[in-house]
Each structure stands twice: as structure tokens, then as C-alpha cells.
Amino acid sequence: MPELPEIETIKLQLGKVLVGQRIVNVIVNNNKSVRGDIGEIRGRRVIGIRRMAKVLLIDLDGDLTIAIHLKMTGQLIYDDGKGRVAGGHPTGDFAGELPSKHTRVMIELTSPPATLYFNDQRKFGWMKIVESSKLKVESFIKDLGPEPLELKKDEVIKLIKLIKKSKRAIKLVIMDQKIISGVGNIYANDALWEARIRPQTVANQISVERLRILLKKIHLVLREGIKYGGATAADSKFVNLQGMGGHYQDHFRVYDRRGLPCLKCQTEIKKITLGGRGTYYCSKCQIV
DNA sequence: TGCCCCCTGCAG
DNA sequence: CTGCAGGGGGCA
């Protein structure tokens with residue numbers, strides 16, 4: 001569920017509290033949420049937090065990394081041991097009680113006795129222990145396209161060429177992690193509205209100029225998502241490290257706005273299904 | 001390139 | 001009760 005801005009939000013928060021701490025113990029409630037030898041992380045010290053696309057990376061000493069993918073309903077919540085983290089959350093399943101019935105893994109740390117909770121209602125998410133030096137060859141990393149927030153000029157040119165070759169709907173193309181990484185359904189919908197492109201338009205029929213605009217708009221909405229601490233939509237389970245929701249949902253352009261007036265022209269926002277996912281657009285503004 | 005599937009919970 | 005949910009791997 002969380003996309004690049006949501007993972008970035010957690011990354012920034014984790015960096016402040018986790019680095020320097022030592023892992024004392026790990027408790028696994030659901031084996032399918034864990035890959036690799038989780039026991040290996042006991043006794044290791046956290047030396048850094050990174051993000052690659054939607055994957056969160058907790059680097060430990062001794063060449064180990066915990067890679068975490070929250071998929072649709074994953075949450076990471078931190079309790080510093082001095083009582084409750086921030087109170088409950090209106091839309092998430094975190095109501096103040098930890099561990100909850102959706103807690104799949106607990107990582108206990110020094111700073112006594114802090115705990116990092118990995119909650120995941122639908123159990124799609126995972127936590128994988130890998131050798132840091134071999135991270136690059138992991139399938140969930142090696143196939144990732146470029147990061148949309150760090151595109152160099154030559155990468156933009158390459159990317160546009162790649163998009164121009166595709167006969168798929170543009171929305172599916174920008175959500176394809178092999179093409180460009182980190183964009184999911186919310187930000188894809190909103191970026192396409194900003195760029196005035198219909199989600200179902202075949203990618204190779206869009207001009208280079210318009211695709212350049214699209215890349216800029218992707219950058220814009222992702223940055224805004226980060227600024228507002230991610231999005232917690234009505235049906236979303238995203239919470240930050242304190243168990244609190246984000247605020248980008250107050251700035252949705254079209255996502256989750258079926259039947260509501262377009263922010264530019266007041267036309268009712270339409271909802272269709274594309275690639276099995278809810279897709280929103282304004283039929284008047286999005287004409288490309 | 002499109003479809004099914006992994007799961008659970010909740011709105012309609 | 002069915003359909004749907006911000007992800008993405010595996011399959012034909």
C-alpha cells in the first residue's frame with residue numbers, strides 16, 4: 001500500500017531513533033512475514049537506514065541488512081520504551097494496543113526496552129535478511145527502474161525512450177517498478193491529472209514533450225506526498241513510525257474522488273478500472 | 001502483456 | 001453476500 005513518499009516518511013523517522021541501537025531480540029509471530037535467517041540480526045547494531053523505491057533498508061553491522069516491503073497493509077511502529085508511542089489512529093488498525101493481532105514481527109532494541117513492531121493485516125508484506133554486500137543482486141532490488149526524485153538528464157532521455165516503446169496504458173507504465181520505481185496507484189493517478197494525460201492513453205502515442213511534463217509532475221506529487229508525511233486514505237492502513245496517519249489525502253487531485261468536482265474545472269471525476277486497480281481522472285482536463 | 005494469486009477486513 | 005483495497009510475483 002505505501003508508495004515512495006510513505007516509505008520515505010518512515011525512513012526519515014527511523015533514522016532519528018534507530019541508528020546506534022543494538023538489536024537484543026526478535027519475536028516472529030508469522031513465519032511467512034519473514035525471509036532469510038532472522039536470528040542472525042540478534043546482537044547487531046543499526047548503522048543506517050535507507051530506502052530504494054518502496055523497499056526500506058535497515059543496515060546492521062557485520063554486513064547484514066533488513067529489507068522490508070510493506071506491500072498493501074504493512075506498518076512499522078516504534079515504541080521507545082518510555083510508555084506509549086503517540087496515541088491511536090483514526091483509520092489504521094493501530095488503536096493504541098501493541099502488539100496487536102496484526103503484529104507479525106517484533107524487534108527489541110536497547111534504549112531499554114524499545115521495540116519496533118511490524119504489523120501487517122493482509123500478510124503480503126515481508127522482512128528479509130540479506131548480506132548488505134549482496135543486496136544489489138536481490139530480485140526486489142536489481143530489477144528496479146530509476147528513482148523518480150533523482151533523475152539525471154541522460155536518465156530522463158533513456159526513460160522517455162523506454163516509455164515511447166510501450167503499447168500499454170500510460171498509468172500501467174509509470175506504475176511498473178522496472179520502468180520507474182516508487183510510483184504506486186495514488187501518485188500515478190494524481191501525476192497524470194497534473195500532466196493532463198488520460199490514464200488509459202497508450203504510452204507510445206504520447207509526445208516526448210508531454211512525457212517530460214509527466215516526469216516533472218510525478219516528481220511534484222511525490223515531493224508533496226513526502227512534505228505531508230504520506231497519504232492515509234479512507235481505506236488505507238498507512239501510519240508513520242508513531243502510528244499516526246499522513247496528510248497528503250487532503251491534497252488528492254483525483255485519487256479517491258469519484259463523483260467529486262475536478263479541482264480545476266468542476267467536472268465530476270470518473271472512476272474506471274485499469275490493470276485491476278481503481279483509476280481516477282477528469283474527462284475534461286485530461287485530454288491527451 | 002494480461003490475469004490470477006497471496007491475505008484479511010470492511011463498505012455497499 | 002460480493003467486490004474491492006495505495007503491491008507485485010508468477011504464470012500462460
Side-chain angles (χ1 to χ4, degrees), chain A residues 1-10 29-35 52-56 67-75 90-95 100-104 119-128 138-145 162-163 165-193 199-200 202-204 218 221-222 224-226 228-240 245-259 271-280:
Chain A
M1 121 222 186
E3 309 179 36
L4 186 153
E6 287 70 32
I7 306 304
E8 181 70 14
T9 298
I10 294 176
N29 295 334
N30 180 56
N31 286 327
K32 292 184 88 173
S33 299
V34 167
R35 302 170 189 184
M52 296 182 82
K54 302 175 192 175
V55 181
L56 185 76
I68 301 170
H69 203 308
L70 299 179
K71 291 291 182 85
M72 303 285 265
T73 54
Q75 306 176 326
T91 56
D93 68 9
F94 173 51
S100 76
K101 65 172 175 173
H102 296 128
T103 298
R104 310 304 178 191
N119 291 352
D120 187 17
Q121 179 196 104
R122 286 166 75 180
K123 301 181 185 170
F124 289 172
W126 47 257
M127 193 174 264
K128 182 168 185 180
E138 291 287 337
S139 60
F140 58 88
I141 295 292
K142 74 172 163 52
D143 294 332
L144 288 176
L162 195 55
I163 297 173
K165 279 199 299 196
S166 175
K167 295 177 192 161
R168 306 160 76 193
I170 185 65
K171 177 165 176 264
L172 302 183
V173 175
I174 61 175
M175 285 177 67
D176 185 336
Q177 303 300 296
K178 292 192 284 297
I179 307 275
I180 181 169
S181 64
V183 181
N185 204 22
I186 289 182
Y187 297 96
N189 276 292
D190 278 9
L192 286 166
W193 178 84
Q200 61 272 51
V202 173
N204 67 11
I218 288 173
V221 296
L222 291 177
E224 203 174 308
I226 294 169
Y228 290 113
T232 303
D235 209 17
S236 159
K237 293 283 178 291
F238 172 71
V239 295
N240 65 22
H247 296 284
Y248 178 73
Q249 66 277 11
D250 302 331
H251 306 270
F252 282 160
R253 276 71 169 167
V254 287
Y255 179 76
D256 206 20
R257 301 194 72 243
R258 170 170 51 178
K271 182 181 184 187
I272 58 171
T273 298
L274 209 54
R277 291 222 156 70
T279 299
Y280 304 82

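Computed from a predicted structure; not experimentally measured. So you know, we letter chains A, B, ... as the sequences are listed, proteins then strands, and number each from 1.
- Partners of Q177(A) by side chain to side chain donor-acceptor pair (under 3.5 Å), not counting sequence neighbours: none found.
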Contact list (N/O, under 3.5 angstrom) for nucleotides 1-3 of chain B vs protein:
unit_1	atom_1	unit_2	atom_2	d
dT1(B)	OP1	K167(A)	N	3.1

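- Judged as a side-chain contact (heavy atoms from CB on, under 4.5 Å), and not counting sequence neighbours, the contacts of H251(A) are E224(A), Y228(A), Y248(A), R253(A).
- Take K165(A) and apply the side-chain contact (heavy atoms from CB on, under 4.5 Å) test, not counting sequence neighbours, and it matches L162(A).
- Atom CD of Q75(A) and atom C1' of dG6(C) are 14 Å apart (whole Å).
- Contacts of Y255(A) with the nucleic acid, taken as non-hydrogen atoms under 4.0 Å apart, include base atoms.
- With sequence neighbours excluded, no residue satisfies salt bridge (charged side-chain N to carboxylate O under 4.0 Å, His left out) with R257(A).
- The line from CG of N189(A) to CE of M175(A) is 8.0 Å long, rounded to the nearest 0.5 Å.
- Here the P atom of nucleotide dG8(C) and the CG atom of L144(A) are 9 Å apart, to the nearest Å.
- Atom C1' of nucleotide dG9(C) and atom NZ of K142(A) are separated by 12 Å, given to the nearest angstrom.
- The same atom, P, is picked in dG9(B) and in dG9(C); the two are 24 Å apart, to the nearest Å.
- The interatomic distance linking D256(A) (CG) with dC4(C) (P) rounds to 15 Å, in whole Å.
- If you take NZ of K178(A) and P of dG8(C), they are 10 Å apart, rounded to a whole angstrom.
- Judged as a side-chain contact (heavy atoms from CB on, under 4.5 Å), and not counting sequence neighbours, the contacts of A169(A) are L172(A), L274(A).
- The C1' atoms of dC10(B) and dG8(C) are separated by 23 Å, rounded to the nearest whole Å.
- Nucleotides dC1(C) and dC6(B) are separated by 23 Å at their C1' atoms, to the nearest Å.
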### Summary
Its dot-bracket string being built from Watson-Crick and G-U pairs below 3.5 Å, with | for another strand and [ ] for crossing, DNA chain B has the pattern ||||||.|||||
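- The residue G275(A) sits apart from the nucleic acid: no heavy atom pair falls under 4.0 Å.
- In this structure a side-chain-to-backbone donor-acceptor pair under 3.5 Å is present from S181(A) to G145(A).
- Straight-line distance from the CG atom of D190(A) to the C1' atom of dG6(C): 11 Å, rounded to whole Å.
- Residues meeting the side chain to side chain donor-acceptor pair (under 3.5 Å) test with K171(A), sequence neighbours left out: N185(A), T279(A).
- Considering only residues two or more places apart in sequence or on other chains, S33(A) meets the side chain to side chain donor-acceptor pair (under 3.5 Å) condition with N30(A).
- We find that CZ of R257(A) is positioned 16 Å from P of dG6(C), with the value rounded to whole Å.
- Remark: P of dA5(C) and OH of Y280(A) are 6 Å apart, rounded to the nearest angstrom.
- For dA5(C), the OP1/OP2 oxygens have a side-chain nitrogen or oxygen of K271(A) closer than 4.0 Å.
- When the side chain to side chain donor-acceptor pair (under 3.5 Å) test is applied to K123(A), no partner is found at least two apart in sequence or on another chain.
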### Query
Nucleotide by nucleotide, 5' to 3', does protein get under 4.0 Å of the base (B), only the sugar-phosphate (S), or neither (-) in nucleotides 6-12 of chain B, counting heavy atoms?
BBBS---
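- No donor-acceptor contact under 3.5 angstrom links the side chains of T9(A) and N240(A), judged on distance only.
- Residue pairs satisfying the salt bridge (Lys or Arg N to Asp or Glu O under 4.0 Å) criterion with at least one member in residues 183-193 of chain A, sequence neighbours excluded, are absent.
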